2 protein chains.
Amino acid sequence: MFIPRRIKHCRACGSPVDYQQPPEDNRDRAMCPVCGEIHYENPLNVVGTVPAWGDQVLLCLRNIEPRRGLWTLPAGFMELGESTAEGALRETEEEAGARVELQGLFTVLNVVRVGQVHLYYRARMLDTHLAPGPETIEARLFSEAQIPWDQLAFRTVRKTLEHYFADRRAGCFAVHAGDVG
Amino acid sequence: MFIPRRIKHCRACGSPVDYQQPPEDNRDRAMCPVCGEIHYENPLNVVGTVPAWGDQVLLCLRNIEPRRGLWTLPAGFMELGESTAEGALRETEEEAGARVELQGLFTVLNVVRVGQVHLYYRARMLDTHLAPGPETIEARLFSEAQIPWDQLAFRTVRKTLEHYFADRRAGCFAVHAGDVG
């Protein structure tokens, strides 16, 4: 995999960095030749929910790039100061304006190519009031038969919905961990 | 929660940054007043395994800070270019020199205070050959009765071991998601 070298300057002192292998490390890091700061770059978590109302699930039509105009589950980057569950709730509120109760971790999906891990929780909608935020054109409930499979924004959304409907048919929800290409 | 403001200079151009709220965002980010770069700081994943050999599990005596001289499950920061499972395998190899086969995701534990998510996989050791790396003083197998509960390095290790032995007694391993203080 291509590891991007995005850091040009030291965040501590502003000097240009070199990519070098620090002592007792086994890969190159952005190192500051002036102050010695070592900068690590690591994968990011994306957290979200599968909001359910009866036999319907809630999808959001994206109003931002990437994938503007395609459907997604409410989700976004996990922030400092919150847990995966708190982040999933926050994103559901921000993107759909939906009030939900979390029901458990559902998928943990690696997207190695872009350095992300996507974690989705099952969630029960408390009512059907929706108030989409600026990142969402429209939030709408879909039955399984209505899911716009060819207009989904991300493969982790597809995979999560596939697991969701398969588990629902089986009558038992598990936690699914895996990778998407 | 205290969100550290660790970024002093822009990674793109080296100019001093200001912490400000970007347009269409809802929290302060390190923004570069010269080139416009926005720097995000997000939680990090720590990935590891519960390596089992019969009724014993493998712990490593830490040779590095923090918590040098305390026992841990093999684990470390997830890197770009790998999945959570691949990172867990890599850390098990690096810290214990153990060859294992992964058996499934086991715990997903938030440590909000330090901005981390710890993900542990159950793993079956393929043999008892161990070759601890420089970060480990000693790697050793422990039965449940032998676990040094008062000398464990991290609360996520304690919680993961508690779930492990409870599930083993129950005869069924689940995935456990939650928070540790």
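Since the model is a prediction, treat every value here as computed from it, not as a measurement. Order of the sequence lines sets the chain letters (A, B, ...), proteins ahead of strands, with each chain counted from 1.
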message = Does any backbone or side-chain atom of A/V17 lie under 4.5 Å from a heavy atom of chain B? Answer side chain, backbone, both or neither.
response = neither
Proximal component of A/I7, with respect to chain B [non-hydrogen, under 4.5 Å] = both
Grab the two heavy atoms, one from [X] and one from [Y], that are nearest each other, plus how far apart they are.
X	Y	answer
A/N42	B/E79	ND2-OE1, 4.3 Å
B/A12	A/K8	O-CB, 3.7 Å
A/M78	B/P43	O-CD, 3.4 Å

Structural part of B/P134 lying under 4.5 Å from a heavy atom of chain A = neither
task = Give me the contact list for residues 89-103 of chain B versus chain A, heavy atoms only, anything under 4.5 Å, ordered by residue number.
result = B/R90, B/E94
Positions in residues 62-75 of chain B that reach chain A, provided some heavy atom is under 4.5 Å away = none
Within one Ile-Leu-Val-Met-Phe-Trp-Tyr cluster: [X] and [Y], side-chain cutoff 4.5 Å:
X	Y	value
A/F142	A/Y164	yes
B/L44	A/F77	no
A/F106	A/V47	no
B/I147	B/L61	yes
B/W149	B/L109	no

Heavy-atom pairs under 4.5 Å with chain A - which of [options] has more of them than the others?
options	value
B/L119, B/T84, B/L105, B/V117	B/T84
B/E135, B/H39, B/R29, B/E86	B/R29
B/G104, B/G14, B/S15, B/P16	B/G14

Could you pull out every donor-acceptor pair under 3.5 Å between side chains of residues 166-181 of chain B and any protein atom, sequence neighbours left out?
{"residue": "B/D167", "atom": "OD1", "partner": "B/H176", "partner atom": "NE2", "Å": "3.3"}
{"residue": "B/D167", "atom": "OD2", "partner": "B/A174", "partner atom": "N", "Å": "2.9"}
{"residue": "B/D167", "atom": "OD2", "partner": "B/H176", "partner atom": "NE2", "Å": "2.7"}
{"residue": "B/R168", "atom": "NH1", "partner": "B/D55", "partner atom": "O", "Å": "3.0"}
{"residue": "B/R169", "atom": "NH1", "partner": "B/E144", "partner atom": "OE1", "Å": "3.3"}
{"residue": "B/R169", "atom": "NH1", "partner": "B/E144", "partner atom": "OE2", "Å": "2.6"}
{"residue": "B/H176", "atom": "ND1", "partner": "B/H163", "partner atom": "ND1", "Å": "3.3"}
{"residue": "B/D179", "atom": "OD1", "partner": "B/N110", "partner atom": "ND2", "Å": "3.4"}

query = By number, which residues in residues 121-133 of chain A have some heavy atom less than 4.5 Å away from chain B?
reply = none
note = Output for pair (B/L80 CG, A/Q116 CD), nearest 0.5 Å, gives 10.5 Å
note = Rounded to the nearest 0.5 Å, the NE2 atom of A/H9 sits from the CD atom of B/E37 at a distance of 11.0 Å
